[in-house]
Amino acid sequence: MKTPHFIQLHHASDQRLVEEAAQGLLRQPASASPKFFYDALGSRLFDAITELEAYYPTRTEALVFDTQGAAMAEAVRACLGRPPVLVELGAGNCSKASRLFALLQARAYVAVDISVEFLRQSLLNLQLQHPEMDLAGVGLDFSASLDLPADLPVLDSGPRLLFYPGSSIGNFAPDEALRLLRDMHQLAAGGALLIGVDLIKSSALLEAAYDDELGVTAAFNLNLLLHLNRVLGSDFRPADWRHVACFNAVESRIEMHLEARRALVVSWPGGQRRFSAGERLHTENSYKWTPAGFESLLQRAGFGSVQTWCDPKGWFAVCLASG
């Protein structure tokens, strides 16, 4: 059995990360990047969210692959000409990509994620299921930089098919999404991008998906505070905060916040922030797109032809964009 090759470029103690966390807390209004969701516990809580009945994106995306996967695979073969190296961004537990190995005839797999230890264990488990496949992992905050290591030979074993599922592109404002997609275009190096994108729908459906009755999403959101405590040395108490999710129709995005239950002060080495009762810490945006709008964004990022597949209800799209 082969052994996964792992390169760690992201470290939770990086000074850049500390500075980013502090700067976010000092903004008006205060904010924290969604990257701070994903410590080991946060990654597991997100896995639990994807199992919830109200959280439609995961199962709807899976439906698109189940019903139209053969057409996608044929389009990938026509685009790339030979079996690809599958490069997954935000890989998490690697389950979405692994279900495509046979369909796409992937010759190798590179998993990229900010949650380093969670990714490392996921790759070890995946290698047991695919003992002869070349697997590699890169612990990387790709929202800051999408430069993968030059000394990762598996990247050159075939044309690259970047895979960014789960509508994670929605966490980026349109201008930030355009920048990231341009980075993806450069990384694809003449290959292609297969990407999931959540589509505009009723606010009732959207808000239910991000504020479930069991409180799993609330726990996911509140765990961000504990992660900030470790990164920044802050003294957040999750009991002082409550989870809020709402749809901003003007911006076409779901917003997640943490709202202070009382007036309080959060301190960390070298800084502090006062919050009044009811004041919010903005933790996530999830932008929703139309198929035509997202196809236009891909083309502005430098990609060529775009093919799009949707579920019957038009809730979710998967796009294949050629490099």
Side-chain angles (χ1 to χ4, degrees), residues 57 60-61 64-65 67-91 96-97 99-112 138 140 142-148 150 152 154-200 252 287-311 314-323:
T60 309
E61 183 180 47
V64 176
F65 279 107
T67 58
Q68 304 184 69
M72 289 184 206
E74 182 60 34
V76 168
R77 283 191 289 272
C79 178
L80 300 183
R82 54 197 177 103
V85 175
L86 192 60
V87 181
E88 184 178 16
L89 305 177
K96 290 184 178 181
R99 287 195 289 268
L100 300 180
F101 285 175
L103 183 68
L104 297 175
Q105 300 177 329
R107 60 186 305 132
Y109 172 60
V110 179
V112 183
V138 181
L140 175 68
F142 63 83
S143 69
S145 173
L146 195 48
D147 291 331
L148 294 189
L152 198 60
V154 66
L155 280 174
D156 299 321
S157 58
R160 299 174 187 177
L161 176 62
L162 272 60
F163 183 46
Y164 196 32
S167 73
S168 296
I169 192 65
N171 291 151
F172 299 89
D175 58 337
E176 296 170 335
L178 179 60
R179 177 193 59 77
L180 181 58
L181 288 169
R182 283 174 173 158
D183 288 347
M184 292 181 186
H185 178 258
Q186 184 173 0
L187 179 61
L193 168 68
L194 190 63
I195 186 169
V197 59
D198 200 10
L199 303 178
I200 296 172
S252 190
Y287 285 82
K288 310 305 173 183
W289 292 84
T290 64
F294 195 72
E295 289 176 9
S296 175
L297 188 71
L298 287 167
Q299 290 169 342
R300 287 172 58 200
F303 288 98
S305 64
V306 180
Q307 299 179 65
T308 300
W309 297 267
C310 295
D311 65 286
W315 285 4
F316 199 95
V318 177
C319 300
L320 175 67
S322 64

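Side-chain atoms are counted along with the backbone in the values below, which use heavy atoms only and exclude waters and symmetry mates.
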**Request:** Kindly determine whether R179 and D183 satisfy salt bridge (Lys or Arg N to Asp or Glu O under 4.0 Å), including the steps that lead there.
**Result:** CA-CA 6 Å; R179 177 193 59 77; D183 288 347; 3.3 Å; yes
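Without hydrogens or angle criteria, S252 side chain to K288 main chain gives a donor-acceptor distance under 3.5 Å.
Side-chain atoms of M72 and L103, non-hydrogen and from C-beta on, never get closer than 4.5 Å to each other. The closest side-chain heavy-atom distance from E61 to V318 is below 4.5 Å. The closest side-chain heavy-atom distance from L199 to W315 is not below 4.5 Å. You'll find the side chain of L178 stays beyond 4.5 Å of the side chain of F172, heavy atoms only. Annotation: side chain of F65 is in contact with side chain of L194 (closest heavy-atom distance under 4.5 Å). The side-chain heavy atoms of L181 and M184, taken from C-beta on, include a pair separated by under 4.5 Å.
Nearest heavy-atom pair across L320 and W309 is CB-CZ3, 3.7 Å. Smallest separation of non-hydrogen atoms from D311 and V64: N-CG2, 3.6 Å.
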Would you be so kind as to tabulate the donor-acceptor pairs closer than 3.5 Å made by side chains of residues 289-306, with sequence neighbours excluded?
| residue | atom | partner | partner atom | Å |
| --- | --- | --- | --- | --- |
| T290 | OG1 | G293 | N | 3.0 |
| E295 | OE2 | T308 | OG1 | 2.6 |
| S305 | OG | S322 | OG | 3.3 |

Side chains of residues 73-89: which donor-acceptor pairs under 3.5 Å do they make with residues two or more places apart or in other chains?
| residue | atom | partner | partner atom | Å |
| --- | --- | --- | --- | --- |
| E74 | OE1 | R77 | NH2 | 3.2 |
| E88 | OE1 | Y109 | OH | 2.5 |

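Expressed to the nearest 0.5 Å, how far CG of L162 lies from CG of L187 amounts to 4.5 Å. In this structure, L193 CG and Y164 OH are separated by 10.5 Å, a value rounded to the nearest 0.5 Å. Note that CG of D147 and CG of L140 are 8.5 Å apart. Values are rounded to the nearest 0.5 Å.
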